[in-house]
Chemist: 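Here you go, one structure.
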Amino acid sequence: MTVVVLLLLHACSFALLCGAQHTLGRWILSYDNYYEDGEFQWDKVLDMLLLGPIREEVVFRGVLFCYFYKRLGSKDPTSKLYCCFGCAAVFSLVHLINLFNHTHSNAYIAL
């Protein structure tokens, strides 16, 4: 049940983002990115809505957190806090790459 609610919230937020972009006339996400040969590409939308967030969670909370935790050592009681801040910093820096260029960079797509 929780997964269904989260997926619905994710889909609603995507719809709101597209609506806001249309209203403001400033397109960060373009519908043209999801059309090929005049046909809507559902696989790209599903990849963005479902698989993208799962990949991000695995990379940032799985791989990076474990890497930071091993590097800092598990004996220090504050090491988990530092690992969380480190993951959050890397996560925000990766997402700032696309702030002004409105396209996906190679580094972001590589994740």
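Any value given below was found using the heavy atoms of this structure, including those in side chains, with hydrogens, waters and symmetry copies removed. A quick note: this is a predicted structure, and the numbers were derived from the prediction, not measured.
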Chemist: Is it possible for you to say whether V58 and F91 belong to one hydrophobic cluster, with membership spreading through side-chain heavy-atom contacts below 4.5 Å?
Modeler: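 V58 and F91: separate clusters.
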Chemist: Looking only at non-hydrogen atoms, find the nearest pair between C83 and F65 and report the distance.
Modeler: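 C83 and F65 have their closest heavy atoms at CB-CE1, 3.3 Å.
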Chemist: Taking the side chain as every heavy atom from C-beta outward, state whether V90 and F68 have any pair of such atoms under 4.5 Å apart.
Modeler: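 Answer yes - side chains close enough.
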Chemist: Check whether any side-chain heavy atom of D47 lies under 4.5 Å from a side-chain heavy atom of R55, and answer yes or no.
Modeler: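 Sidechains of R55 and D47: in contact.
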Chemist: Do the side chains of L72 and Y69 join up, straight or via other hydrophobic residues, at under 4.5 Å, putting them in one cluster?
Modeler: no
